Structure formats: C-alpha cells, structure tokens
Number of protein chains: 2
Amino acid sequence: MKFNIKDVAKKAGVSISTVSRVVNESKVVKSETQQRVMDAIRELGYKPNAIARSLKIKNTKTIGIMIPDISNQFFPEVVRGVEDIANMYKYNIFLCNTDRDRDKELQYFDALEEKQVDGIVLMGNEVAEDLYTKIKLTNIPVVLIGADYIDVPSVSIDHVKAGKAMVKYLIKKGHKHIGLLTGKVTDPAYGVARLEGYKMALEEDGIEFKEELVIEGDLRYKSGYEGAKMLLDLKEPPTAIFAATDEMAIGVLRAAQEMGIKIPEELAIVGFDNLDISEKLFPSLTTVAQPMYELGAIGMRVLTKILNDDALESDKIILNYSIIERETS
Amino acid sequence: MKFNIKDVAKKAGVSISTVSRVVNESKVVKSETQQRVMDAIRELGYKPNAIARSLKIKNTKTIGIMIPDISNQFFPEVVRGVEDIANMYKYNIFLCNTDRDRDKELQYFDALEEKQVDGIVLMGNEVAEDLYTKIKLTNIPVVLIGADYIDVPSVSIDHVKAGKAMVKYLIKKGHKHIGLLTGKVTDPAYGVARLEGYKMALEEDGIEFKEELVIEGDLRYKSGYEGAKMLLDLKEPPTAIFAATDEMAIGVLRAAQEMGIKIPEELAIVGFDNLDISEKLFPSLTTVAQPMYELGAIGMRVLTKILNDDALESDKIILNYSIIERETS
DNA sequence: TTGTATGCGTTATCAC
DNA sequence: GTGATAACGCATACAA
C-alpha cells in the first residue's frame with residue numbers, strides 16, 4: 001500500500017539514486033528514463049518520506065509558533081500572517097498554545113527542538129528566565145513577535161509611543177479626565193508601556209495624574225467590564241476611557257451601554273489592537289491599530305531570511321501603528 | 001554543540017542501546033548505569049532526535065489539522081479543542097489554512113502525508129472530490145469535524161434540526177414573517193441544512209414559505225449586513241431575521257442599529273454558532289450554540305482512539321446544540 | 001543487564 | 001547518465 005523509493009526503482013528498472021534524482025528534479029537524468037521513473041511514481045502513488053529526507057539533509061521545512069492562546073482574538077490574525085509566509089516558502093507550522101504557562105512553554109520548546117524544527121516564532125509579552133536560557137542555548141533561530149526586550153530578533157510596534165499617541169488624541173478631543181484600564185504592571189507591552197505612554201501624554205499637556213483613574217486588569221473582556229464599572233462609579237468619573245486592548249474596550253462599551261451612558265457624547269471609549277470585530281460593533285470602536293497580520297508575516301519573513309543566511313538589515317523591526325477613529329470617540 | 005546518542009554513550013561509557021533504553025525508560029537498566037547515563041545526558045544537554053526516532057518506529061506523534069481560515073472566529077475555538085487533547089496525548093499539530101481552496105487543500109494534504117503525520121483532522125463543510133479520493137487512498141486516519149456526509153469518522157451537530165429548532169423558537173415568540181440569511185446553497189451545513197430546517201419549521205406551523213425572505217450569503221459579516229438591508233427594505237420586512245452564522249448576525253445587528261430599528265422590539269435577530277463575542281455585544285445575541293471546543297476536542301479524541309486501535313462506539317458522533325436566548329430576541 | 005549489528009527511507013559521494 | 005554504498009540518529013532483535 002505504501003511504497004518507497006526502492007519500489008519505484010524496481011518498477012522503473014533503475015537504481016534508487018536515479019529515482020531520487022528525478023524526485024529532486026536533478027537536471028542530469030536523461031529525459032527518457034526520467035519519464036519512466038515518473039510513470040512508476042504515478043502508478044504506485046509514491047510519496048517521498050519527508051522524515052527520512054529530513055534525517056539525511058538536516059532540515060525539516062517545519063517551524064514552530066508559540067502563542068499564548070489561539071482562541072484569544074488577537075492571535076489568529078498573527079498566526080495567519082506567519083502561516084501565509086511560511087506556506088509561501090514551503091514550511092509547515094506547528095501550533096503551540098502556551099497559555100502563558102511557564103511549564104507549557106518549556107515543554108513545547110523542548111518538543112519543537114526534538115522535532116527538529118528549522119525555526120521558532122515566539123509570541124507573548126513576557127519571556128520567562130528559563131525559556132530565555134533555552135533560547136540562548138539552542139541553535140534553532142527564534143524570532144520574537146510583539147515585544148523587543150530581549151536579545152533576539154524581533155518585530156513589534158512601539159507600545160509606549162502608541163499608547164501616548166492615543167491619550168494625546170483623547171486630550172486633543174478635549175478630555176482631561178481620562179481613565180486607563182491597563183494590563184498587569186509586569187507585562188512590558190500592555191502593562192508598563194501603556195501606563196508609561198499615558199503618563200507621558202498627561203505630563204506633556206500639564207494634566208495631573210490621578211491614581212484612581214488607572215485600573216489594572218488582565219486584558220480580557222471581563223476585566224474591562226468590571227474596570228469600567230469601577231471607573232464609572234467614581235464621584236468624578238472619567239469622560240474617556242482608554243482600554244489596553246480592544247477586548248477590554250468591548251467590556252467597557254457593554255458596561256457603559258448597560259448603564260445607559262451615551263457613547264461618545266457622555267463617554268469616549270478607545271481600545272488597542274484593532275481586532276476584526278472592532279469596526280463591526282455599534283458603535284464601532286476607536287482604537288490604535290496594531291498590524292497583526294504583518295507582525296506575523298514579517299516575523300516569519302525575518303525567520304526565512306535567517307534560515308537562508310540572508311543579511312538582516314536590522315535585528316529589531318519596529319512596525320507602524322495607527323489611530324483609527326471610529327464612533328466611540 | 002549538538003549531541004547525539006553516540007556522544008552520550010561515549011560520555012557515559014556505555015553503548016548506545018543502553019542510552020536508548022534509559023531515554024525510553026526501559027525498566028531493565030541497572031539503576032547505577034541509568035544514573036550515569038542521565039548525568040551524561042544532562043551534562044551534554046542531549047535531546048533525542050525525534051526525526052530519527054520517527055523514521056525507525058514509524059510514527060511521528062504529529063497530526064495535521066486542516067481548516068478554512070484560522071482568522072475566522074469560528075475556528076480558533078475548534079483548534080483549541082483539538083490542540084488541548086492532542087497535547088494531552090503528546091501530539092503536536094500542524095496547522096493548515098486552506099481558505100476552502102481546492103488546490104491548497106490537496107497541497108496541504110500531500111505535505112501532511114509526506115511528513116508522515118499520524119492522523120488528520122479535517123474541517124470545512126464541503127469535501128471536494130479530489131480530496132475525498134486522497135482520503136480514501138491514504139492509510140492515514142482522517143476525522144471530519146462539523147460535517148458528516150462522507151464515509152469517514154466524524155463529529156458534528158445535526159444542522160437541520162438545530163436550524164429548525166431556532167426557527168420554531170422564533171415562531172413561538174410570535175414571529176410569522178421570518179427572514180433567513182443563509183450560506184451558499186451548495187454548502188451542506190450552512191446552506192442547505194439551514195434552509196431545510198427553516199422550511200420544515202414553517203411547514204409544521206403552517207406558515208407560508210416566501211422566496212423573497214431568504215437571501216443567500218457567504219456566511220461573513222458583510223453579506224449579513226447587506227442581506228439585512230435588502231430584507232429590511234422589503235415592502236413587508238421581516239419581524240425576525242435568522243442568520244446562518246453569528247458573524248452574519250452581527251452584520252444584521254449593525255445594519256438594523258444604523259437604521260434606528262429597535263432590537264428586539266421591532267426586529268428580532270438570531271444567529272448560529274455562539275461565538276465568543278456574541279454574548280459581549282450590546283444587545284447580546286440570541287443564537288444556537290455549536291459546541292466548538294468540544295467538536296475539536298472530541299474529534300481529536302476519536303483520532304487518538306483510532307490511532308490506538310481502540311474500539312469506536314460509533315463512526316458518526318452527533319453533539320448537542322442548544323439555543324441560547326439573549327437580548328436580541 | 002548490556003552490547004553488536006541491522007535497518008528505517010532518504011541523499012550524496014564516488015565510481016563506472 | 002547511472003548505480004553502489006555509506007551515512008543521518010535512533011530502536012530493537014539477538015547475542016553475550
């Protein structure tokens with residue numbers, strides 16, 4: 001039922017080397033024998049065994065992608081970017097959901113190494129000590145997406161600048177009392193960067209920073225919803241809320257709408273990421289767009305360059321963000 | 001920098017068979033030598049080469065999953081289900097986005113075969129002739145998710161019954177003039193099944209079927225939005241719209257809200273799937289829940305059973321749907 | 001309990 | 001142009 005190169009060789013009356021040559025499109029084979037071999041291949045339904053091939057040639061045309069969770073709306077778009085480019089260069093990709101769990105990360109990393117992937121694209125904002133050690137120890141190229149704080153090729157956006165730009169946009173709109181729903185203060189991109197951008201924008205415009213206007217969440221819907229309720233229950237509630245992710249912003253939107261607050265007249269809401277859904281909501285969400293697909297695609301492109309020993313212009317690629325003004329502001 | 005079993009053997013002063021035995025946790029090794037070998041492994045940072053192993057033992061602990069598009073909200077949840085179970089059984093998964101493109105499907109299928117995956121999970125409502133031929137020809141087990149119309153193990157829901165149930169729900173709510181936004185009439189699940197269920201429900205309640213109330217779309221947001229506009233522009237617009245997917249329903253919602261139509265007082269909107277976002281909208285969406293995670297998880301579970309030669313109770317597993325009543329109806 | 005030797009399906013080097 | 005043959009890194013039958 002399943003044939004190998006030997007079977008083909010026998011059937012075509014040639015040696016396995018010749019079969020190998022035609023499979024690998026070597027030019028030296030006489031076109032007549034080539035035809036015979038191709039006939040045999042077709043008749044037997046022969047498929048080369050990529051495992052055997054990989055063992056010999058020491059690459060697998062396979063890469064791994066580690067992300068926190070594919071069911072979080074943010075990541076599918078990135079993965080799609082990776083996959084499209086990977087496919088273009090004939091790579092297959094192993095998908096690994098880590099849930100930001102240290103053990104799972106290490107476990108998957110080991111599995112990817114053992115399966116001899118040619119490269120790994122890594123996503124998730126914090127890279128734990130242990131994982132970083134592994135990255136430095138392995139000879140498998142790793143590229144980081146969405147963050148740039150370790151000594152590894154990466155593609156990301158400038159989160160501080162982006163956050164700051166959004167707050168400045170709000171200020172220009174006349175807001176002086178702006179709530180911030182941020183990520184964990186330990187999360188470099190969605191926690192510290194967002195808060196830093198927020199503070200910088202306020203400071204530049206001489207607006208006082210008020211502790212009670214910033215609430216730490218976990219970037220998900222529920223914490224956006226709950227954070228908004230807290231903010232909106234303040235004696236002096238904000239006139240605008242900046243959520244660290246669109247998902248949180250959707251929670252804010254829902255909370256505000258439940259309370260009968262008019263958007264954007266009584267409350268402006270802005271998010272971060274530009275999820276696919278954000279423009280489909282009513283009212284549609286103002287947000288800072290992260291080029292998610294490009295993050296993935298360019299990340300993978302960088303990886304292919306590394307794998308081809310092509311020169312990289314830079315180890316750290318910074319992509320542009322943009323503020324998308326819609327109906328919630 | 002990269003060591004193999006031979007290096008470990010030398011370092012530990014044993015043969016490669018012994019190293020192989022401790023790596024594979026064979027019980028026969030004397031605990032003293034086992035310790036020596038483990039020390040050598042640790043010191044060298046040895047990682048077994050899964051490719052070589054696979055070549056020898058003829059399985060790869062790898063499966064492939066083919067879906068139309070990971071960036072369509074429906075699939076990440078399914079993939080997550082697959083991955084969780086796969087991970088539990090120590091499988092890694094190749095992610096393949098086919099875009100419902102025939103060529104891509106064939107291409108990926110070939111690639112998965114060549115890479116010797118142990119099994120394939122297939123999703124997407126139509127299985128093209130060519131692909132089906134390949135499935136029947138290969139000896140790699142394939143399980144189908146979300147559809148059950150070919151001679152392959154599958155897990156899905158009863159789409160006709162589910163569609164019918166939703167329409168009956170609408171009728172019980174007092175609606176007699178119900179619009180249907182369906183998928184392509186060639187799509188077994190989202191096209192024909194939805195229409196069939198709709199017709200059955202109407203018929204049972206003696207409601208006349210009106211051609212102009214059903215519009216064929218492509219299951220995506222835009223076609224929901226546009227379909228809704230057409231329906232709502234009718235001289236006698238429907239009092240309820242049943243969209244074949246939540247994504248379409250979100251388009252309907254947006255269209256209605258733009259037109260200032262009160263939901264659900266003036267128009268009920270119901271969808272299908274129960275996407276994560278659907279309960280977060282305002283108003284939240286009434287829909288029939290497809291157990292997406294379970295579809296994936298159980299599909300993968302079936303695959304592991306096949307791979308272990310465990311008995312399958314049934315080749316065709318039908319999961320339950322449920323109607324989730326929320327604010328749009 | 002451990003070691004030797006063979007083969008998994010390829011590619012590539014070297015002859016012819 | 002083509003064919004033997006030796007790796008690739010491992011698991012395992014068999015011997016010791």
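Note that the structure is predicted; figures quoted are calculated from it, not measured. Hydrogens, waters and symmetry mates are skipped; everything else that's a heavy atom, side chains included, is used. Numbered from 1 within each chain, the chains take letters A, B, ... in sequence-line order.
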Legend entry - Nucleotide nearest I5(B) (side chain, heavy atoms from C-beta), chosen from dG9(C), dT11(C), dA11(D): dA11(D)

Legend entry - Length of the CZ-C1' vector between F3(B) and dG9(D), whole Å: 15 Å

Inset, instruction - May I ask you to verify whether the side chain of K56(A) and the base of dA7(D) hold a donor-acceptor pair under 3.5 Å? - result: yes

Legend entry - Whole-Å distance separating the CD1 atom of I51(B) from the P atom of dG7(C): 23 Å

Inset, instruction - Pick base, sugar-phosphate or nothing for T18(A), based on heavy-atom distances below 4.0 Å to the nucleic acid. - result: sugar-phosphate

Legend entry - Salt bridge present between K134(B) and D130(B) (N-O < 4.0 angstrom): no

Inset, instruction - For N59(A) and dC8(D), give me the distance from atom CG to atom P, rounded to whole Å. - result: 16 Å

Inset, instruction - Return the nearest nucleotide to the side chain of S17(B); candidates are dG9(D), dT10(C), dT12(D). - result: dT12(D)

Inset, instruction - Measure from CZ on R53(A) to P on dG9(D) and round the result to the nearest Å. - result: 16 Å

Legend entry - Nearest-angstrom distance from the residue atom CD of Q116(A) to C1' of dG9(D): 9 Å

Legend entry - Distance, rounded to the nearest Å, where K2(A) contributes NZ and dT10(C) contributes C1': 13 Å

Inset, instruction - Under 4.0 Å between any heavy atoms, over every strand shown, what does K58(B) touch: base, sugar-phosphate, or nothing? Just pick one. - result: sugar-phosphate

Inset, instruction - Taking all non-hydrogen atoms of both residues into account, name the closest pair between A40(B) and A12(B) and its distance. - result: CB-CB, 3.9 Å

Inset, instruction - Supply the atom-to-atom distance I306(B) CD1 to D315(B) CG, rounded to the nearest 0.5 angstrom. - result: 7.0 Å

Legend entry - Integer-rounded Å distance: dG9(C) C1' and I57(A) CD1: 13 Å

Inset, instruction - Using whole Å, report how far CD1 of I16(B) lies from P of dG9(D). - result: 11 Å

Inset, instruction - Taking the side chain as every heavy atom from C-beta outward, state whether I63(A) and Y89(A) have any pair of such atoms under 4.5 Å apart. - result: no

Legend entry - Validation row: V121(A), V142(A) side chains within 4.5 angstrom (heavy atoms): no

Inset, instruction - Using a 4.0 Å heavy-atom cut-off across all strands, classify Y46(B) as base, sugar-phosphate, or nothing. - result: sugar-phosphate

Inset, instruction - Using only side-chain N and O atoms of N4(A), determine if any of them is under 4.0 Å from OP1 or OP2 of dG9(C). - result: yes

Inset, instruction - Using side chain to side chain donor-acceptor pair (under 3.5 Å) as the criterion, point out the one residue from N24(B), T60(B), N59(B) that pairs with R53(B). - result: N24(B)

Inset, instruction - Look at the side-chain N and O atoms of S15(B) and state whether any lies under 4.0 Å from the OP1 or OP2 oxygen of dG3(C). - result: yes

Inset, instruction - Please figure out whether R21(B) or L55(B) has its closest DNA chain D nucleotide nearer the 5' end. - result: L55(B)

Inset, instruction - Kindly give the heavy-atom pair with the smallest separation between M123(B) and P68(B), and that separation in Å. - result: O-CD, 3.6 Å

Inset, instruction - Tell me which residues in residues 22-41 of chain A put a heavy atom below 4.0 Å from DNA chain C, sorted by number, or none. - result: N24(A)

